[in-house]
Amino acid sequence: MDFLTLFAIYVVVVLICIVLVCKYSGQQQTPFNALLNNIGKVVGPFTPKWLQTFSQRTLHKLFHQRNNMFIYLHVLLEGAVYAEFTYEVFGFCREMDTTLSSLSVPYVLLAIKTFFFYLCIKRDPGTVTKKKVSGQLHIYPYDGRLFQPGVSCPTCQLVKPARSKHCRVCNRCVQRFDHHCVWVNNCIGAQNTRYFLLYLFSVCAMAGDIALLTGDMLLHAVLRSGLLTASYIDDYGQQQPAGPLFVVQHLFLTFPRIVFMLGFLIFVFFLLAGYALFHSYLALVNQTANEWYKSRGYVCQHCHPTAPADLPTDHTKRYYYSRGLLPNLGEIFFPPLPVQKKHN
Ligand SMILES: [Zn+2]
Ligand SMILES: [Zn+2]
């Protein structure tokens with residue numbers, strides 16, 4: 001297979017990964033979503049009815065009902081990366097005298113990540129139930145902007161506690177609702193936001209660490225090959241230095257799977273690092289992704305004195321639930337439990 005074909009396959013797969021993650025990482029409105037809808041509209045009239053119904057049903061089942069598809073995909077991708085790392089990179093690194101302790105770090109991180117991943121999947125995010133709702137109503141006051149007192153969920157038929165939201169995928173109201181995450185097939189709410197944050201950080205650490213070890217291995221391979229100082233004779237008989245493109249081509253052709261994995265890891269690392277930072281920010285200001293999304297366009301007069309007067313402005317209302325950095329973090333890691341009614 002020549003270099004250009006391999007490179008084209010590589011770019012296509014990376015693009016598919018980007019598209020998949022953008023579409024299904026729990027955000028409802030993404031550019032890809034709009035693109036998919038438009039493609040559906042254009043292709044729709046030329047598609048047989050049975051195929052349309054089938055694809056609609058499959059998409060609905062996959063993305064609007066709880067299912068473990070993304071958990072399996074997650075495990076599959078992780079398995080592929082670890083298999084490649086163990087099968088090829090590990091041996092090369094040992095040859096290059098990388099210590100066993102630094103090579104064991106990815107496996108330790110895998111164990112830590114799996115633990116938090118499991119907790120994200122299994123722990124109840126804080127479902128609003130008939131039994132608990134009276135206690136859950138007293139956890140947060142209503143801010144009078146996003147959350148109004150006395151509003152009931154039409155599906156659950158229960159009064160909505162402040163900061164709760166009905167998850168359409170799980171068909172339940174969740175206390176301090178953040179978002180529904182397809183990768184863990186669970187809502188992220190009051191009781192599992194801490195595990196979700198730790199899970200995000202451990203995945204980033206895992207991807208970052210394997211990427212560094214792999215990058216180091218490839219760098220050593222290039223240095224050993226002497227390609228940096230190599231040269232070739234061009235069509236005019238002139239001697240030319242090999243250059244970076246030549247080095248990249250050499251790496252692609254010599255270690256195709258390893259280079260492919262490294263590209264995927266770098267992509268995953270930056271994507272998840274951005275996502276983890278966003279969720280850390282939300283934790284520090286005591287806001288959920290749901291509240292952040294609904295507060296867009298809500299301008300703080302204190303931070304933006306020149307904001308147009310017709311925009312809603314009030315810093316205290318935008319960060320209504322913030323009680324200072326440490327108490328906010330405390331609330332994530334030691335979430336307040338529903339007040340239990342005393343029976344006499
Ligand atoms: Zn509900
Ligand atoms: Zn949900």
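First listed ligand is number 1; within each ligand, the first listed atom is number 1.
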Self-check item: Heteroatom N/O/S of C181 within less than 2.8 Å of the Zn ion (ligand 2)
Solution: no
At the Zn ion (ligand 2), SG of C187 and SG of C167 open up to roughly (10° bins) 100°
Check: Are there more than 12 heavy atoms of other residues, nucleotides or ligands under 6.0 Å from atom CD1 of I233?
Finding: yes
Closest to the Zn ion (ligand 2), among the N/O/S atoms of H180, is atom ND1
- prompt: Any side-chain donor paired with an acceptor under 3.5 Å for R168 and T155?
  reply: no
Are I121 and N186 packed together at the side-chain level, in the sense that at least one heavy-atom pair is separated by less than 4.5 angstrom? no
Review point. Are Y82 and Y107 close enough that their ring centres sit under 6.0 Å apart?
Key: yes
Quiz item: Should the pair H179 and H279 be assigned to parallel (<30°), tilted (30 to 60°) or perpendicular (>60°) ring geometry?
Solution: tilted
Exercise for the section: Using a cut-off of strictly less than 2.8 Å, determine whether C153 has an N/O/S atom near the Zn ion (ligand 1). Expected result: yes
Angle subtended at the Zn ion (ligand 1) by C156 SG and C173 SG, to the nearest 10 degrees, is 110°
Of all N, O or S atoms in H166, the one closest to the Zn ion (ligand 1) is ND1
